[in-house]
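To keep things clear, I will list the structure first and then write my remarks on it.
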Amino acid sequence: MKKELDLVILSDIHLGTYGCHAKELLNYLKHIKTNALVLNGDFIDMWQFRKNYFPQEHLQIIQRILRMAAKGTQVYYITGNHDDALRRYSNFSSGNIHLRDTLELQIKGKSYWIFHGDIFDIFIKYSPFISKLGGKGYDYLILFNRWVNKIRAFFGLPRLSFSQKIKYRVKEAIKFVDDFEEKAIELAAEKGYDYVVCGHIHRAQIKTLERQGKQVTYLNSGDWVESLTALEYKWGEWSIYEYNEADFLANSSNFTLHAVEEEDEQASTGEALSTAAMFEQIVQQAGPRRRAV
């Protein structure tokens with residue numbers, strides 16, 4: 001049977017870019033069953049979209065999420081900076097799929113404030129290092145990183161993220177992340193929320209601090225470019241899941257693979273065509289968006 005969860009939060013998937021680990025995310029989505037799924041921004045990367053690059057695995061992720069919604073999962077798509085063109089359609093709902101800029105939830109009597117986090121960019125001054133990470137150098141680093149990880153996987157070695165190692169060793173980058181988290185917690189305390197949930201900075205985190213006399217828990221779901229992480233909620237507890245290929249082996253205690261439905265293994269040709277047509281409409285309306293972040 002699949003891993004059953006109450007709520008899953010993903011962010012910064014960046015479909016349509018070379019850096020997206022679509023195969024790994026598809027593997028993860030196929031083996032979970034959740035009551036609600038939150039896509040917390042930058043799901044489709046409209047800034048770096050190339051019409052000649054959108055592999056089948058990227059389409060299959062969209063198909064998988066549509067199938068989850070059809071089977072009862074409530075899907076909340078929260079807009080981010082890389083898919084900000086969708087903000088013109090905010091508050092749109094169709095069946096179990098809902099498009100929002102922010103999301104407020106009540107879970108077990110606690111208030112949650114969920115948003116991507118790019119709003120903090122106007123409060124926190126970017127360092128030159130952070131700005132450069134949004135350019136071509138970052139794209140090339142990700143491509144090189146994937147090539148290296150394929151070699152490491154061949155020799156049975158764990159995956160590495162060069163971009164994470166660089167960021168966590170640069171003083172300005174560390175300060176930016178710390179300032180981001182502090183700003184999120186301060187605003188959540190000011191507004192009276194018990195939890196604040198973000199993405200954007202590609203760093204998964206769970207921590208609780210007291211600000212302005214109120215205890216606030218900050219959560220960040222990380223990304224599927226560098227860290228391959230998700231926030232999972234079950235039995236009243238939050239945890240960070242980090243993708244590990246070993247979790248999907250037949251003898252793994254984390255997932256049981258033999259019960260995955262046969263129709264989940266391969267999308268039909270008709271479904272792929274309809275998804276591709278839908279995606280083309282979204283991208284054509286959004287137009288090219290290229291910025292440095």
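Residues satisfying the side-chain contact (heavy atoms from CB on, under 4.5 Å) criterion with Ile97, sequence neighbours excluded, are Leu66, Ala69, Val75. Residues satisfying the side-chain hydrogen bond (donor to acceptor under 3.5 Å, both in side chains) criterion with Glu182, sequence neighbours excluded, are Arg211. In this view, His116 and His200 satisfy the ring-ring contact (aromatic ring centres under 6.0 Å, His included) rule, not counting sequence neighbours. Residues passing the side-chain contact (heavy atoms from CB on, under 4.5 Å) test with Ser93, sequence neighbours excluded: His98, Arg100. For Asp101, the side-chain contact (heavy atoms from CB on, under 4.5 Å) test picks out Thr79, Arg87, Ser90, with sequence neighbours left out. Not a single ring-ring contact (aromatic ring centres under 6.0 Å, His included) links Tyr218 to another residue, sequence neighbours left out. Not counting sequence neighbours, the partners of Thr217 by the side-chain hydrogen bond (donor to acceptor under 3.5 Å, both in side chains) test are Thr208. Considering only residues two or more places apart in sequence or on other chains, Glu104 meets the salt bridge (charged side-chain N to carboxylate O under 4.0 Å, His left out) condition with none of them. Lys234 is linked by a side-chain hydrogen bond (donor to acceptor under 3.5 Å, both in side chains) to nothing, counting only residues two or more places apart in sequence or in another chain. Contacts of Ser111 classified as side-chain contact (heavy atoms from CB on, under 4.5 Å), with partners at least two apart in sequence or in another chain: Gln106, Tyr193, Asp194. Every ring-ring contact (aromatic ring centres under 6.0 Å, His included) that Phe43 has, sequence neighbours left out, goes to Tyr77.
Think of Leu231 as one node in a network of Ile, Leu, Val, Met, Phe, Trp and Tyr side chains linked at under 4.5 Å; its network also takes in Leu7, Ile9, Val38, Tyr76, Ile78, Leu103, Leu105, Ile107, Tyr112, Ile114, Tyr195, Val197, Ile206, Leu219, Tyr233, Trp238, Ile240.
A salt bridge does not link Glu190 to Lys214: none of the charged nitrogens lies less than 4.0 Å from a carboxylate oxygen. Under the 4.0 Å criterion applied to side-chain N and carboxylate O atoms, Lys3 and Glu232 are assigned as salt-bridge partners.
Considering every non-hydrogen atom in both Cys198 and Phe120, the closest pair reads SG-CE1, 4.4 Å. For Val8 against Ala230, the heavy-atom pair with the smallest separation is CG1-CB, 4.5 Å. Of all heavy-atom pairs spanning Val216 and Val196, the tightest one is CG1-CG1, 4.1 Å. For Asp42 against His82, the heavy-atom pair with the smallest separation is OD1-N, 2.7 Å. Nearest heavy-atom pair, Met68 versus Thr34, reported as atom, atom and distance to 0.1 Å: CE-CG2, 3.8 Å. Nearest heavy-atom pair, Leu37 versus Thr73, reported as atom, atom and distance to 0.1 Å: N-CG2, 3.8 Å.
With rounding to the nearest 0.5 angstrom, the NE2 atom of His31 is 5.5 Å from the CG atom of Asn27. Annotation: the span from Met46 atom CE to Asp83 atom CG amounts to 6.0 Å, rounded to 0.5 Å. Taking CD of Glu57 as the start and CG of Leu59 as the end, the distance is 9.5 Å to the nearest 0.5 Å. From Ser227, atom OG reaches atom CD of Gln205 across 11.5 Å, with rounding to the nearest 0.5 Å. Atoms CG and CG, on Asp223 and Asp12 in that order, are 6.0 Å from each other to the nearest 0.5 Å. Taking CG of Leu228 as the reference point, atom CD of Glu245 lies at 10.0 Å (rounded to 0.5 Å).
Taking the side chain as every heavy atom from C-beta outward, His14 and His202 approach each other to under 4.5 Å. Looking at heavy atoms from C-beta onward, Ile13 lies in side-chain contact with Cys20 at the 4.5 angstrom threshold. Between Ile61 and Leu15 the shortest side-chain heavy-atom distance falls below 4.5 Å. Side-chain contact between Ile201 and Asn220: present, with at least one pair of heavy atoms (C-beta onward) separated by less than 4.5 Å. Counting heavy atoms from C-beta on, the side chains of Leu86 and Ile44 never come closer than 4.5 Å.
Classified by interplanar angle (parallel below 30°, tilted 30° to 60°, perpendicular above 60°), the ring pair Trp113/Phe115 is tilted.
No donor-acceptor contact under 3.5 angstrom links the side chains of Asp247 and Tyr28, judged on distance only.
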For this session: Test side-chain contact (heavy atoms from CB on, under 4.5 Å) on Gln60 and Gln56 and set out the steps.
Result: CA-CA 6 Å; Gln60 288 175 336; Gln56 183 66 20; 3.7 Å; yes
Exercise. Please walk me through it: do Arg203 and Glu226 pass salt bridge (Lys or Arg N to Asp or Glu O under 4.0 Å)?
Worked result: CA-CA 9 Å; Arg203 182 184 182 184; Glu226 301 172 35; over 6 Å; no
Exercise. Step by step, would you call Lys33 with Leu5 a side-chain contact (heavy atoms from CB on, under 4.5 Å)?
Worked result: CA-CA 6 Å; Lys33 182 178 181 181; Leu5 300 162; over 6 Å; no
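Heavy atoms of other residues, nucleotides or ligands lying less than 6.0 angstrom from NZ of Lys110 number 12 at most.
Between the His58 side chain and the Gly16 main chain, a donor and an acceptor come within less than 3.5 Å of each other. Judged by distance alone, the side chain of Trp224 and the main-chain N or O of Thr229 form a donor-acceptor pair under 3.5 Å.
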